[in-house]
Amino acid sequence: MSPAKKPPPSQELIKGIWRENPVLVQLLGLCPALAVTNSVANSLAMSGAVLFVLLGSSLLVSSIKRIVPTDVRISTYILIIATFVTIADMILEASVPAVHKELGAFVALIVVNCIILGRQEAFASKNSVGRSLLDAVGMSIGFTLTMVLMGTVREVLGNGTFLGYSVLGPNYEPWVIMILPPGGFLTLGVILLVFSWVKRRSAARDKVASSIGGPAVQEAA
Amino acid sequence: MGDLVWILVSAAVVNNFTLALFLGLCPFLGVSGKVETAVRMGIANIFVMVLTALAVWVLNTFVLTAAPFLRIIAFIIVIASLVQIVEMAIKKLSPALFRALGIFLPLITTNCAILGLAIFSTNRGYGLVEGLFFAVGAGIGLTIALVLMASIRENLELADVPDFAQNMGLVLILAGALSLAFMGFAGLFSAA
C-alpha cells in the first residue's frame, strides 16, 4: 500500500474478515484449516492459539520495527513467533490437556503458518502498533470464522453433533468421511467454489448494470 | 528390520504427509502445475527431510535434554541454518545439482512438512536410524502426492471447467479425491 494515503483504522480491522480473509482469499494457513477442523471445539482452540500468537507477534514486531536490521528481519520474526507459539503450546497443555492432545503437533506448527509470518512481513513491519493490532485482530476473526464454519460443517455432517451436542437426532447415520482427512479437502474445496461463484456472480451483475446492451455474461456461472 | 520398512511405508502411503496429515500443502498447491517441477520439488524435499532427521537427532540427543521447552525454537533455527549452509555448499561443489534443486531449498526450509517431521519423530521417540527411515518415507510420500497432483492438473488444463471453478477450489476437491484413494492404504495397518 502507498504510505501517502492510509485507509481509516476501522478498515484494517474489517478487511481481514471478508475482503482479505486469510484462508478463503489469500489461501494462507490451509494446514491448520484442514487438519484440526474435524470438530468445532478443536477449531475454536486452534483459532484461540492463532489469535494469541498473531496479536503477540504483531505487537512486538511493530514496536521493534525500527531497530531490526532489514537483512535479518525474517529470522527475527520467526524467533518472535516461535516464542509466542511455545507459550501458547504451554498454556494449552496446562489448561485444556485433552484438546492439546488432540491438536497434537499442529499447535507447534503455528510457527510455520504463513498467515502469521505473512502479516508480520506485509503489515506489522511497516505500520504503527495500533494499526498492526487492529490488523491482527481482523485477520484472526477472519481465520476464526472460516475455521468455525469448516468445523461446523464437518462435525455436523460427520458426527451429527455441534460442540458435542447432538443436532441431527439419533437416527442420523454419520457421514464419517467428513471428519476424516478427505472431508477437510472436500469441505474447503466446496466452500472455495461457492465463494468464487458468489464473487463472480456479483462481478458479472455489476458489469451488466454498467453496460446495458453488451453480451450478457450473467449466465457464465 | 521389519519395523524400519514399516516406518518407511507407513510414512509414505498410509499416513501420507500431504494427503492424510495436511503437511506441506503450500508446495502441494503451489508448485503442482507441472510434473517436472513436482518431481524436482519432491526430491529437494526428501533431501531436506534427511538433513532434518539428522539435525533433530543431534539436537534431541545432545542439546535439548537440558531444556525441552526450547524445542520449537531450536528446530526452526537449526534446520533453517543447516539448509542454508548446505545450499551454499551445493552451489560451490555441484552447480548442476544446484540448478536442479537450488531454488526450491529456501522455499522448503520453513515448510510445515519439515517442522512436522521434526516434531513427529521427536514425539514418537525415534532414534537415528528410525528417524532417517521416517524422513525418507515422508519425503517419498510427499513426492508421490506432488507428482500425482501435477499429472492431474496437467490434464485439467485441457478440460472444459466452468469459469468459477478455475481456482484452488477445484484443486482441493481433487486433493480430497486423492486423499480418499489413499485412505485405502489404511488397510495395511491390520496386516502388519
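Residue numbering restarts at 1 for every chain, and letters A, B, ... go by the order of the sequence lines. Computed from heavy atoms alone, side chains included, the values below leave out hydrogens, waters and symmetry copies. If you're wondering where the values come from, they're calculated on a predicted model, not measured in any experiment.
In terms of heavy-atom pairs under 4.5 Å with chain A, the best-connected choice from Leu172(B), Leu180(B), Leu29(B) is Leu172(B). Between chain B and the options Leu30(A), Val85(A), Thr86(A), Asn113(A), heavy-atom pairs under 4.5 Å are most frequent for Thr86(A). Note on Asn123(B), Ile72(B), Ile119(B): by heavy-atom pairs under 4.5 Å with chain A, the leading option is Ile72(B). Counting heavy-atom pairs under 4.5 Å between each of Ala175(B), Ala181(B), Ser81(B), Ala177(B) and chain A puts Ala175(B) at the top. In terms of non-hydrogen atom pairs under 4.5 Å with chain A, the most contact-rich of Gly24(B), Gly116(B), Gly176(B), Ala20(B) is Gly176(B). By number of non-hydrogen pairs under 4.5 angstrom with chain A, the leading residue of Leu23(B), Leu170(B), Ile73(B) is Ile73(B).
Residues Thr18(B) and Leu25(B) have side chains in contact (heavy-atom distance under 4.5 Å, counting atoms from C-beta outward).
Rounded to the nearest 0.5 angstrom, Met178(A) CE and Glu155(A) CD are separated by 12.0 Å. The OG atom of Ser179(B) lies 7.5 Å from the CG atom of Leu186(A); values are rounded to the nearest 0.5 Å. In this structure, the separation between CD1 on Ile179(A) and OG1 on Thr187(A) is 11.0 Å, given to the nearest 0.5 Å.
Between Phe185(A) and Phe28(B), the two ring planes are tilted [angle within 30° to 60°].
Both the backbone and the side chain of Thr83(A) come within less than 4.5 Å of a heavy atom of chain B. Within the 4.5 angstrom heavy-atom criterion, only side-chain atoms of Phe106(A), from C-beta onward, approach chain B. The contact between Phe120(B) and chain A is made entirely by side chain atoms (from C-beta outward), counting heavy-atom distances below 4.5 Å. For Leu28(A), no part sits under 4.5 Å from any heavy atom of chain B, backbone or side chain. For Ile191(A), no part sits under 4.5 Å from any heavy atom of chain B, backbone or side chain. Interface remark: Val190(A) contributes backbone and side-chain atoms alike to the contact with chain B (heavy atom separation under 4.5 Å).
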Point to revise | Derivation of the salt bridge (charged side-chain N to carboxylate O under 4.0 Å, His left out) call for Lys91(B) and Glu87(B) | key: CA-CA 6 Å; Lys91(B) 199 173 181 178; Glu87(B) 193 198 343; over 6 Å; no
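Evaluated for a side chain to side chain contact (heavy atoms under 4.5 Å, CB included) with Gln120(A), the options Leu60(A), Leu54(A), Thr76(A) yield exactly one hit, Leu54(A).
Ion pairing of Glu157(B) with Arg153(B) is absent here, as no side-chain N (NZ or NE/NH1/NH2) approaches a carboxylate O to less than 4.0 Å.
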